[in-house]
Amino acid sequence: MSEAAETLDGWYSLHDFRSLDWAGWKALPAEERDATVKEFRQFLQQLDAIQSKHEGAYALYTITGQKADFVLWTMRPALEDLEEIETAFNKLRIADFTIPAYSYIGVNELSNYVRGGKADESAYENPRVRERLYPTLPKSKYFCFYPMDKRREGNDNWYMLPMEERKELMKSHGLIGRKYAGKVKQYILGSTGLDDYEWGVALLSDDALQFKKIVYEMRFDEASARYGEFGPFYVGSLLDEERLTSYLHIG
Ligand code: VOV
């Protein structure tokens with residue numbers, strides 16, 4: 001039997017993708033729309049305040065194209081904390097004008113393929129590890145999310161490879177990734193047993209073209225070329241407070 005990688009696991013993550021019922025929203029009287037936006041903004045300010053205290057993370061992005069209109073991305077220490085956020089959102093008036101489009105659950109994950117060492121308590125004290133497991137999400141301009149698996153087919157079975165071989169493959173993967181340091185931030189959300197794929201990959205960048213560049217370059221690397229299987233891609237741009245108001249404004 002090949003050996004499982006040890007993982008360090010941080011906050012739980014929920015990507016909640018929603019579409020807007022624009023017809024219903026447009027039909028609402030202007031003062032009610034204003035009050036609804038105000039309530040939504042107050043909710044987001046609370047999420048922002050929790051992120052400032054490093055007790056969780058939060059981001060809001062539009063989604064380009066028809067797959068959804070926006071994604072609310074939150075992270076918390078426990079799964080039920082995410083349910084609480086989901087429920088609190090559903091109780092807002094704005095939620096009456098949203099339609100669930102997709103969602104994804106995972107846990108911020110760091111494996112020992114490249115880092116080495118044991119996944120014991122002391123590993124969790126390392127500030128660089130903590131930054132990965134309990135991140136503050138930067139207000140990058142662009143967002144990209146997709147779920148993925150490692151293939152388990154015939155001779156191409158990631159889970160049957162010896163540890164040493166997987167380490168080599170992940171090292172090569174990491175070297176490509178390092179070329180994008182300062183351009184793309186990656187968040188690897190382990191989701192085996194939690195959601196439909198094995199990982200959720202979330203990328204943030206100030207240049208949307210870098211998503212295409214990194215994902216394309218990685219397709220030629222064995223870890224992705226031979227073993228990567230991908231779900232749907234979602235891309236969009238930052239929906240900060242100011243833009244939210246204009247985004248929801250009906251002229
Ligand atoms: C932005 C750059 C970037 C960098 C620097 C980077 C580095 C690293 C390192 C060093 C490691 C291993 C140790 C760890 O940290 O866990 C990983 C791990 C992982 N990655 Fe990665 N990755 C990046 C980026 C990056 C991308 C763009 C993708 C999507 C792949 C693609 O083809 O679309 C990805 C996927 C993953 C996955 C699914 C894992 C877990 C695999 C497993 O079997 O456990 N990743 N990754």
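Every value quoted in this text rests on a predicted model; they were computed, and no experiment measured them. Read the numbers this way: they start at 1 and go in the same order the structure lists the ligands and their atoms.
Judged purely by distance below 3.5 Å, without hydrogens or angles, the side chains of Arg130 and Tyr124 never pair a donor atom with an acceptor atom.
Of all atoms in ligand 1, listed by their number and element, those nearer than 4.0 Å to a heavy atom of Ile214 are 1 (C), 2 (C). Proximity to Ser111 (heavy-atom distance under 4.0 Å) selects the following atoms of ligand 1: 12 (C), 13 (C), 14 (C), 16 (O). Close contacts of ligand 1 with Lys150, meaning ligand atoms under 4.0 Å from a residue heavy atom, involve 41 (C), 42 (C), 43 (O). Which parts of ligand 1 touch Val184 is read off a 4.0 Å heavy-atom cut-off, strictly below it: atoms 1 (C). Ligand-side atoms of ligand 1 in range of Gly174: 7 (C), range being under 4.0 angstrom from any heavy atom. Distances below 4.0 Å separate heavy atoms of Arg178 from the following atoms of ligand 1: 5 (C). Residue contact check: Ser224 has heavy atoms under 4.0 Å from atoms 30 (C), 31 (C), 32 (O) of ligand 1. Atoms of ligand 1 lying under 4.0 Å from any heavy atom of Trp158, numbered from 1 in the order shown and given with element: 43 (O).
Listed for the Glu198 side chain is a donor-acceptor partner under 3.5 Å among the backbone atoms of Lys150.
Given atom 42 (C) of ligand 1, the protein heavy atom at minimum distance is Trp199 CZ2, 3.3 Å. Ranking the protein heavy atoms by distance from atom 5 (C) of ligand 1 puts Gly177 C, 3.4 Å first. Counting protein heavy atoms only, atom 10 (C) of ligand 1 is closest to Val114 CG2, 3.9 Å. Nearest protein heavy-atom contact of atom 37 (C) of ligand 1 is Ile188 CG2, 3.9 Å. Atom 24 (C) of ligand 1 has its closest protein heavy atom at Met218 CE, 3.5 Å. Looking from atom 6 (C) of ligand 1 to the surrounding protein, the closest heavy atom is Gln186 NE2, 3.2 Å. Met170 CE, 3.9 Å is the protein heavy atom nearest to atom 11 (C) of ligand 1.
Checked by distance only, ligand 1 and Lys185 stay at 3.5 Å or farther apart across all their nitrogen or oxygen atoms. Here's the thing with Tyr146: one of its N/O atoms is less than 3.5 angstrom from an N/O atom of ligand 1.
Arg132 counts as a contact of ligand 1, since one of its heavy atoms falls under 4.0 Å from the ligand.
Salt bridge Lys179/Glu217: present, at least one basic N to carboxylate O contact under 4.0 Å. Ion pairing between a basic and an acidic side chain is recognised when a charged N comes within 4.0 Å of a carboxylate O; Glu241 and Arg41 show such pairing. Between Arg93 and Glu32 there is a salt bridge, with a side-chain nitrogen of the basic residue lying less than 4.0 Å from a carboxylate oxygen of the acidic one. Comment: Lys139 does not engage Asp206 in a salt bridge, judged by the lack of any side-chain N to carboxylate O separation of less than 4.0 angstrom. No salt bridge links Asp221 with Arg219; every basic N to acidic carboxylate O contact stays at or beyond 4.0 Å.
Atom CG of Leu92 is separated from atom CZ of Phe97 by 12.0 Å, given to the nearest 0.5 angstrom. Going from atom OH of Tyr104 over to atom OH of Tyr197 covers 8.0 Å, rounded to the nearest 0.5 Å. Going from atom CD of Glu222 over to atom OH of Tyr227 covers 5.5 Å, rounded to the nearest 0.5 Å.
Of all the heavy atoms of His173, the ones lying under 4.0 Å from any atom of ligand 1 belong exclusively to the side chain. At a 4.0 Å heavy-atom cut-off, ligand 1 touches Leu110 through backbone and side chain alike. Of all the heavy atoms of Arg219, none lies under 4.0 Å from any atom of ligand 1, so neither backbone nor side chain is involved.
Hydrophobic clustering keeps Leu8 apart from Val107 (ILVMFWY residues linked when any side-chain heavy atoms are closer than 4.5 Å, directly or through intermediates).
Here the rule is ring-ring contact (aromatic ring centres under 6.0 Å, His included) with Trp73, and of Tyr58, Tyr187, Phe145 only Tyr187 fits it.
Tyr61 is not listed as a side-chain neighbour of Tyr234, based on a closest heavy-atom distance of 4.5 Å or more.
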